[in-house]
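Written below as structure tokens is the structure these notes are about.
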Amino acid sequence: MSDPLIPVRAGSAKHDGSAKRDGDAKRTSDTQRSGNAQCRGNAQRGVVAAAVMLVAILLIECVAFNLPFWRTLGASTDSASVANALGAGLMRRTDGMLTVVDPTRAYMDVKADGTSRYARVDASQPSVIAAAADNATTNPKLRTAFTLRADGDGHVGRMQLVSTGTARSLYLRVDAQSTIRVWIVEAKGTVVPLDAVRANVKVPFHVEPLRLAGMAAIALLAAAWRPGSRLWSIRLNPASRRQRLALALLLTPAAIYTIWSIVLHIRGAWPLVFHAPGSYTYDFDQYAHAADALLHGHAWLDLPVPDEFASASNPYDPAVRDRLLTEGVTPIYWDYAFLNDRWYSYFGVLPALLLFAPYQAIASAAAGRPLMLPTGAAMLALLFGVLVFGVLLTIRLVHRLAPHASLAAASMAVATLLLGSNAGYLWFRMNFYSVPFAASMLLTFLGLWLWLGAERTAKAGGIMQRHLWRANDRSETALSLPHLAAGALCIAANAGCRPTFATAALLGIPLFWRHIRALFADLAARRMSYRHACVPIAAVLAPAALVVMPLLAYNAVRFGSPTDFGSDYQITVTDMTRFRQPLANLPATIGYYLLLPLRVTDSFPWLGVNPTPLTTWGFAEPLVGGLFILFPMLLPAVALAAPRLRRRIAAPTRRMLVAALALAAALLLFDAYEAGLGWRYMTDFGWLIALAAMPAIVALGDGAERVGDSRHASMPADTTFGAHPQGARLRRLLGRSVLMMLLAATLIIGFLSAFVIGRQDAMINNDPQLFFSVRSWFIL
């Protein structure tokens with residue numbers, strides 16, 4: 001009997017099927033409309049947010065950074081205020097510039113009427129400055145950047161560095177109702193190109209494109225990494241065409257900047273050789289000279305050797321060299337290796353072989369005259385490679401750590417590797433000292449990226465099957481022999497750049513441990529032939545030998561031993577053939593490397609070089625801070641010690657990251673003992689600590705449950721930030737906020753460190769216009 005509540009009629013099954021299809025179609029249509037509405041809502045909110053950010057940036061630029069303009073709208077600009085009274089400590093030269101004859105009375109007085117809080121110093125005409133600068137013999141103490149102090153009505157003002165090349169830096173803030181006294185705070189005999197001081201001035205309105213670009217970048221990073229950003233709800237998918245295209249678009253500006261800068265470096269190239277009478281010769285084209293030697297078929301550099309220097313009893317003794325320099329013996333090249341009456345470069349030769357020599361051969365043939373590749377151009381190319389393969393390595397590692405990691409967490413991990421690896425220091429100091437570090441970092445990132453992609457499923461057929469190796473038929477995974485070989489070739493090539501990076505080969509042992517263990521187990525049980533076992537070993541050792549053996553032979557030709565890289569023969573601050581770092585310095589050096597605190601100052605950039613006293617003399621480069629102080633984003637690496645986090649990481653990756661931390665500690669100890677204290681040496685181990693920090697970064701950003709292997713692979717990605725239980729939401733909010741603060745601190749410290757006075761290659765000396773331009777943003 002039929003149910004009386006359900007009418008039965010002929011063809012009901014057909015009609016029910018049609019109704020079901022109609023209902024499914026309606027639900028699909030509703031879902032599409034809902035999705036389209038949500039997309040339109042997200043787009044509208046995005047446009048509104050972008051508009052708000054744009055308005056905020058314009059307000060900050062036009063109001064906050066141009067506050068002096070608004071404050072001086074009512075300034076009288078009294079032309080009579082240019083009449084200055086010179087103190088007895090200043091003497092006006094015939095060309096109009098001033099000479100300090102008595103620093104205790106080196107001042108200029110000017111009348112003020114209180115209508116402006118700013119004064120302006122008028123620099124001499126550029127033609128006058130250029131003429132004086134060309135005549136360095138009669139003007140050895142000419143300063144185009146000098147220190148002033150503006151006092152108002154007897155009240156002592158603050159010191160201020162000014163530069164004649166940056167107009168904005170020539171404005172001095174001073175509150176005065178009647179008299180302004182500007183002191184020239186320089187030593188006796190200093191010549192300053194200063195015509196006059198003007199009071200009652202208006203500060204012009206100024207829009208700075210670089211500042212606008214910086215604020216836009218900060219706004220974009222804040223939008224991308226804020227706790228509620230949509231990037232936290234998008235899963236990282238390396239196979240996604242859309243994400244690959246987005247990555248290519250993000251890297252395009254860096255590629256354009258690199259190409260443009262390389263062209264500028266090549267067009268403006270000139271020999272970087274500097275010599276002053278009675279001093280060393282500083283030649284920064286060391287790699288170009290090494291390339292020239294290779295093209296001419298010999299290992300020594302074609303540089304002149306003075307007979308007096310070659311016949312000296314001990315040319316490595318600084319006292320002997322100082323005597324020769326005093327006697328006028330020249331050239332004696334600083335930081336070149338000297339042996340058997342020849343000059344050599346003790347830096348890794350591979351960049352000279354792969355970059356400098358090909359350029360020199362092609363460009364010289366095309367131009368009909370000798371041409372050298374500028375070191376800065378080579379550095380730009382290498383650092384772009386570091387950027388690309390650093391990003392790819394991080395993506396591959398994060399995907400192994402957490403198959404459902406978010407794009408936000410992955411991008412933070414990328415920033416951690418690029419910042420924590422000390423690449424910013426290499427970009428700042430683009431000279432030959434940085435070349436081997438940049439080249440090795442590129443090769444290491446590329447090699448590890450290849451090795452992390454070497455493991456494949458054992459189901460491939462055809463040609464792919466011939467390129468795979470697995471221990472036995474029961475193995476579910478196999479190894480790609482081309483990936484193994486190419487990775488080994490890249491990592492072994494570090495022997496020709498920065499040999500310390502070659503120790504990254506040790507990370508292959510924990511990474512491929514289960515395959516190594518299976519290989520020896522099957523050999524012991526006679527389930528595998530020796531021929532089959534030798535295949536992966538040969539895939540690793542043969543490419544390594546292919547690059548290492550010629551490098552060892554090159555060392556033997558130069559210095560008589562395959563393992564002698566020539567660093568003991570360098571002409572530097574001490575006799576390196578006898579010097580060894582004192583063991584008493586070791587604890588302090590390690591402490592400085594890791595935890596040297598910041599030294600805060602009261603003037604831009606508000607950071608200074610921090611003293612690093614040692615028990616006895618040892619090499620110590622001026623530092624702003626230790627590794628964990630300069631790069632707070634590396635601090636999450638300590639979480640790898642937590643058993644709960646380690647248990648969630650798949651065994652091969654866990655072993656590799658633990659080995660990375662151990663290797664970082666070993667390299668830290670090695671550098672502290674062998675090289676001393678150097679900012680660039682942080683590059684040897686900083687990237688290893690950055691790799692170890694990635695599990696904690698994913699755990700803080702996405703939640704600890706996201707870190708793991710296939711046991712968690714079915715867990716869906718976040719859809720919205722608020723879709724989690726209250727406790728999980730709070731943990732994510734806290735974790736993401738911590739990550740943002742660590743990244744912000746790293747970026748701020750890195751930015752300010754670039755302007756620190758007293759560091760090597762300080763910006764105030766190398767690019768004073770940029771230094772004073774940025775400084776003027778904050779001091780007015």
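Residue Arg92 qualifies as enclosed at atom CZ: its count of foreign heavy atoms under 6.0 Å is above 12. Heavy atoms from other residues, nucleotides or ligands lying under 6.0 Å from CH2 of Trp427 number 12 at most. When the shell of 6.0 Å around CH2 of Trp260 is examined, it contains 12 or fewer heavy atoms from other residues, nucleotides or ligands.
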> Going through the distances and angles, do Ile689 and Phe628 end up as a side chain to side chain contact (heavy atoms under 4.5 Å, CB included)?
Replying inline: CA-CA 10 Å; Ile689 300 174; Phe628 287 110; 4.1 Å; yes
> Do Asn431 and Thr375 pass the side chain to side chain donor-acceptor pair (under 3.5 Å) test, and can you show the C-alpha distance, the side-chain angles, and the key distance before you say yes or no?
Replying inline: CA-CA 6 Å; Asn431 55 29; Thr375 303; over 6 Å; no
>> Show, in sequence, the C-alpha distance, side-chain angles and deciding distance for Ile629 and Leu596, and conclude whether the side chain to side chain contact (heavy atoms under 4.5 Å, CB included) test is met.
In response: CA-CA 7 Å; Ile629 307 302; Leu596 179 68; 5.9 Å; no
>> Quick one, Met441 with Leu426, criterion side chain to side chain contact (heavy atoms under 4.5 Å, CB included). Give me CA distance, side-chain angles, the key distance, then yes/no.
In response: CA-CA 11 Å; Met441 198 183 299; Leu426 303 181; 3.9 Å; yes
> Does the pair Phe384 and Tyr257 meet the rule for a side chain to side chain contact (heavy atoms under 4.5 Å, CB included), with working shown?
Replying inline: CA-CA 10 Å; Phe384 181 72; Tyr257 168 80; over 6 Å; no
>> Applying side chain to side chain donor-acceptor pair (under 3.5 Å) to Asp113 and Thr115, what does each step give before you reach the verdict?
In response: CA-CA 6 Å; Asp113 60 15; Thr115 59; 2.7 Å; yes
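We find the OG-CZ distance between Ser776 and Phe771 to be 10.5 Å, quoted to the nearest 0.5 Å. Taken from CZ in Arg429 to CG in Asp761, the straight-line distance is 4.0 Å, to the nearest 0.5 Å. Taken from CG in Leu739 to OG1 in Thr416, the straight-line distance is 7.5 Å, to the nearest 0.5 Å. The distance from the CZ atom of Arg93 to the CG atom of Leu98 is 9.5 Å, given to the nearest 0.5 Å. Taking NZ of Lys111 as the start and CG of Asn84 as the end, the distance is 11.5 Å to the nearest 0.5 Å. The structure places CD of Glu621 at 7.5 Å from CH2 of Trp679, a figure rounded to the nearest 0.5 Å.
What you find for Ala123 and Asp195 is that their closest heavy atoms are O-OD2, 3.5 Å. Heavy atoms only, all atoms of each residue included: Pro193 and Ile129 are closest at CB-CG1, 3.6 Å. In plain terms, the two heavy atoms of Gly114 and Gln177 that are nearest each other are CA-OE1, 3.6 Å. The minimum heavy-atom distance linking Ile697 with Ala409 is given by the pair CG2-O, 4.0 Å. Between Leu634 and Ala693, the closest heavy-atom pair is O-CB, 4.3 Å. Of all heavy-atom pairs spanning Met53 and Ala223, the tightest one is CE-CB, 4.1 Å.
Inter-residue side-chain proximity for Gln760 and Tyr433 is flagged as unmet; no heavy-atom pair is nearer than 4.5 Å. Taking the side chain as every heavy atom from C-beta outward, His206 and Asn66 approach each other to under 4.5 Å. Between Val156 and Arg149, some side-chain heavy-atom pair lies under the 4.5 Å cut-off. By the 4.5 Å heavy-atom criterion applied to side chains, Phe65 and Glu208 are not counted as neighbours. Pro632 is not listed as a side-chain neighbour of Met741, based on a closest heavy-atom distance of 4.5 Å or more. You'll find the side chain of Thr394 stays beyond 4.5 Å of the side chain of Leu418, heavy atoms only. Contact of the Asn610 side chain with the Tyr592 side chain is not registered, since no non-hydrogen atoms from C-beta on lie closer than 4.5 Å. Looking only at side-chain heavy atoms (C-beta outward), Leu148 and Tyr107 stay at 4.5 Å or farther from each other.
The closest donor-acceptor contact from the side chain of Ser434 to the backbone of Met430 lies at 3.5 Å or more, if one exists at all. A donor-acceptor pair under 3.5 Å links the side-chain atoms of Arg736 to the main chain of Gly701, judged by distance alone. The backbone N or O of Val203 sits less than 3.5 Å from a side-chain atom of Thr72, completing a donor-acceptor pair. Of the possible donor and acceptor atoms, one in the side chain of Trp70 sits under 3.5 Å from a partner among the backbone N and O of Cys62. A donor-acceptor pair under 3.5 Å is formed between the side chain of Ser169 and the backbone N or O of Thr166. Under a 3.5 Å cut-off, the side chain of Trp777 and the backbone N or O of Ser773 do form a donor-acceptor pair. Using a distance-only test at 3.5 Å, with no hydrogens or angles considered, a donor-acceptor pair links the side chain of Trp232 to the main chain of Arg226.
Electrostatic pairing of Arg120 and Asp122 counts as a salt bridge here, judged by a charged N lying under 4.0 Å from a carboxylate O.
Checked against a 6.0 Å centroid threshold, the rings of Tyr171 and Tyr118 do not count as neighbours. Taking the six-membered ring for Trp and the full ring otherwise, Trp606 and Phe604 have centroids separated by under 6.0 Å.
When each of Val192, Thr190, Val121, Thr147 is paired with Ile184, the side chain to side chain contact (heavy atoms under 4.5 Å, CB included) condition holds for Val192 and for no other. For the side chain to side chain contact (heavy atoms under 4.5 Å, CB included) test with Leu607, the passing option among Ile748, Thr601, Val756 is Val756; the others fail.
The aromatic rings of Phe437 and Tyr681 sit tilted relative to each other, their planes meeting at an angle between 30° and 60°.
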